[in-house]
Amino acid sequence: MSIHRRTALAAAVAATTLALTGCATAASTSDAASDTAVTEGGDLVFAIGNDPISLNPSGTGSGNDTLYVTRQLVDSLLYQDPETGTLEPWLATEWSSNDDATVFTFELRDDVSFSDGSPLTAADVKGTFDDIVAAGAESQAISSFIGYAETVAVDDDTVEVHFAAPNAAFPSSAASVALGIVAESTRATPFAERADGSAVVGSGPFTLDEYTKDVQTVLERRDDYAWGPTPLGNDGAAHLDTVTFQVVPEAGVRTGSLASAQVDVIGGVQPIDVQTLEDGGFPLVHRGNPGATFGVYFNEARPIVADRTVREAIANAIDAEEVRDTALNDLFAVATSSLAATTPGFADQSGSFAFDPDHAEELLDEAGWATGSDGIRERDGERLSLDLAWITNFGPNQTSLELIQQQLKAVGIEVNLVGGTVPEFLKLQESGDFDLSWQNLSRADGDVLRTTYSTAATNRLHLDDPELESLLQEQAAVADAAGRDAVLADAQERIATEFHQVPVHELTSILGTQPTVHGVTLGADSRLDSLVAAWKSAE
């Protein structure tokens with residue numbers, strides 16, 4: 001591995017471009033450039049597949065469907081432009097870093113208020129970040145605070161975030177929904193009691209009107225909102241009066257609801273429905289997700305998959321292209337690395353992966369796993385049977401995994417699929433009671449590798465790879481974009497050659513809309529962006 005020199009982070013991080021490669025497509029927005037005059041008012045009905053579970057922005061919900069809702073309630077310090085990848089002002093007007101990326105300073109707007117009327121101050125940023133750290137594993141945002149020391153409110157409009165070790169990715173984290181700033185009244189409510197949203201007070205363009213579990217979440221426009229991010233094209237109050245997120249679990253029913261004009265937008269469009277919607281004249285909003293790719297991950301604390309030879313055999317037994325073609329469509333890319341191609345720092349590792357079941361069988365033979373009477377391999381009386389944990393919130397997951405299950409069975413590996421909701425999956429990961437997992441993580445920064453694989457992070461995969469750990473920590477300290485990308489490339493190579501993950505496919509977020517809907521966009525993380533600029537034209 002090459003040795004990379006640590007370089008100082010430029011003081012004016014505001015001018016730094018993250019250079020996302022191919023991260024946006026012409027279909028990443030719903031006719032936002034229409035020449036038609038914007039219509040004020042109206043009600044948008046948005047069908048999602050899963051109940052949010054938690055409306056606490058930093059809590060753990062049901063993945064994308066949760067973040068679609070909570071993005072409307074809270075604002076973040078920064079905004080990452082999905083078209084350019086640059087970090088833009090939002091609640092912060094300026095930001096900078098010290099030379100070793102351990103202290104980040106944010107200058108706040110002085111005209112922002114929360115929906116309860118209280119003004120935004122540096123104390124709210126400090127309180128929000130301290131609250132996340134205190135929540136620990138209960139918070140989905142905790143991985144952004146690895147090495148956190150403290151947040152200091154220098155004065156009402158200036159806040160410093162201190163880390164004990166370099167964290168060059170923190171500015172991009174500060175643009176995420178999970179780090180959205182909440183008011184003191186929210187923080188005064190115990191973390192575990194915020195799920196129904198009644199205690200969630202943010203500075204976003206909408207407020208919570210009603211939450212009925214497994215039915216719907218209704219949001220109302222906040223009339224005094226006046227600080228939307230510039231790239232969205234509306235820094236004033238939202239055009240829409242209300243947004244209703246209806247829970248419609250069946251993808252086919254969501255598609256039918258759009259076709260029959262019962263809803264205005266649907267999320268989680270399934271690959272099988274893409275052609276139907278296109279033929280029906282319903283515009284699609286789609287964008288490849290940056291971050292960690294969908295694939296097979298290994299709990300290397302488990303003896304069978306702690307063996308690199310077994311991991312390599314599993315990689316050789318999986319036909320990723322067949323999985324993509326069977327469960328998905330051409331809007332989804334076959335993964336060639338632990339990072340998706342839309343992520344800053346992506347490096348193609350396809351040379352490490354090839355579908356070669358004959359070689360897979362040779363490797364298993366070498367490792368002492370002999371074929372048993374029913375075709376499943378055995379060694380020293382132990383059956384080659386692995387439990388694979390997965391999340392049920394993305395429809396094609398089951399089809400993908402049933403095919404992978406068949407592919408692995410063909411070389412003598414038995415896979416038991418253990419599906420569940422996001423909280424159930426995370427609980428299983430915490431317990432360590434799994435051999436394999438099927439997962440991804442959308443984030444517009446290559447530091448997602450550190451939060452996924454580092455033994456100093458959540459450590460749910462229990463790796464023992466000092467070389468990889470060194471690279472993951474090094475990239476967090478390199479400010480220069482090219483230098484950091486080089487370290488991330490080495491980290492991806494290490495993950496690939498040690499088979500710490502078998503990449504299968506990248507995720508693409510797909511929304512379907514009525515032709516009358518405008519300004520519905522996907523953010524840099526390919527999740528629903530703020531709806532402050534969304535509107536509906538007359539039918």
Side-chain angles (χ1 to χ4, degrees), residues 10 12-36 38 64 67-68 71-72 75-95 169 171-180 204-205 227-236 238-239 265 267 269 283-291 331-333 339-346 442-448 481-482 484-485 488 506-513 517-535:
V13 181
T16 300
T17 300
L18 297 183
L20 296 177
T21 304
C23 65
T25 70
S28 63
T29 178
S30 60
D31 192 23
S34 172
D35 293 331
T36 306
V38 172
N64 286 350
L67 298 172
Y68 286 9
R71 175 75 288 172
Q72 316 314 318
D75 300 324
S76 301
L77 291 176
L78 305 177
Y79 177 80
Q80 190 168 358
D81 189 331
E83 297 298 325
T84 66
T86 55
L87 292 170
E88 303 279 353
W90 196 347
L91 296 181
T93 59
E94 301 175 26
W95 62 99
S172 67
S173 297
S176 67
V177 183
L179 270 64
W227 43 85
T230 299
L232 288 177
N234 179 27
D235 61 2
H239 302 305
V265 186
V269 172
L284 298 179
V285 180
H286 59 85
R287 191 173 186 281
N289 288 44
L331 290 180
F332 296 79
L339 284 183
T342 54
T343 318
F346 162 78
S442 295
R443 185 181 170 193
D445 194 287
D447 190 58
V448 71
R484 187 161 176 248
D485 287 352
L488 286 168
E506 298 183 7
L507 178 64
T508 296
S509 292
I510 309 174
L511 311 178
T513 74
V517 171
H518 311 268
V520 172
T521 63
L522 294 170
D525 59 0
S526 295
R527 297 179 173 112
L528 181 66
D529 215 332
S530 172
L531 292 171
V532 67
W535 58 283

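Heavy-atom basis, side chains included; hydrogens, waters and symmetry copies ignored. Numbering starts at 1 and runs along the sequence shown.
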Would you tell me whether Arg443 and Ser526 have side-chain atoms, one donor and one acceptor, within less than 3.5 Å of each other?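 Looking only at side-chain atoms, Ser526 and Arg443 do not form any donor-acceptor pair under 3.5 Å.
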- [ ] For Asp75 and Trp227, test the side chains for any donor-to-acceptor distance below 3.5 angstrom and give the result as yes or no.
- [x]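 Side-chain D/A pair, Asp75 to Trp227: present.
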Backbone of [Y] reached by a side-chain donor or acceptor of [X] within 3.5 Å:
X: Arg527; Y: Ser442; answer: yes
X: Ser530; Y: Val532; answer: yes
X: Gln72; Y: Asp529; answer: yes

From [X] [atom1] over to [Y] [atom2], what is the distance, rounded to the nearest 0.5 angstrom?
X: Trp90; Y: Gln80; atom1: CH2; atom2: CD; value: 12.0 Å
X: Thr508; Y: His286; atom1: OG1; atom2: NE2; value: 8.5 Å
X: Tyr68; Y: Ser509; atom1: OH; atom2: OG; value: 4.5 Å
X: Leu78; Y: Thr93; atom1: CG; atom2: OG1; value: 10.0 Å
X: Asn64; Y: Leu528; atom1: CG; atom2: CG; value: 9.5 Å
X: Arg287; Y: Leu507; atom1: CZ; atom2: CG; value: 11.5 Å

> Within a strict 4.5 Å, meaning less than it, do heavy atoms of the Tyr79 and Pro231 side chains meet?
Replying inline: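 A side-chain contact under 4.5 Å exists here.
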>> Are Ile510 and Val285 packed together at the side-chain level, in the sense that at least one heavy-atom pair is separated by less than 4.5 angstrom?
In response: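 No, every pair of side-chain atoms sits at 4.5 Å or beyond.
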Which atoms form the tightest heavy-atom contact between [X] and [Y], and what is the distance?
X: Ser76; Y: Gly180; value: OG-CA, 4.0 Å
X: Ala444; Y: Pro290; value: CA-CG, 3.8 Å
X: Asp525; Y: Asn289; value: O-ND2, 3.8 Å
X: Leu511; Y: Leu522; value: CD1-CD2, 3.9 Å
X: Glu88; Y: Trp95; value: C-CH2, 3.7 Å
X: Ala175; Y: Leu87; value: CB-CD2, 4.2 Å

On the 0 to 90° scale, with breaks at 30° and 60°, tag the His518-Trp535 ring pair as parallel, tilted or perpendicular.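 Correct class here is parallel.
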_Just to verify, which of Asp447, Asp445, Leu179 counts as forming a side chain to side chain contact (heavy atoms under 4.5 Å, CB included) with Ser173?_
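Between Ser173 and the candidates, side chain to side chain contact (heavy atoms under 4.5 Å, CB included) is satisfied uniquely by Leu179.
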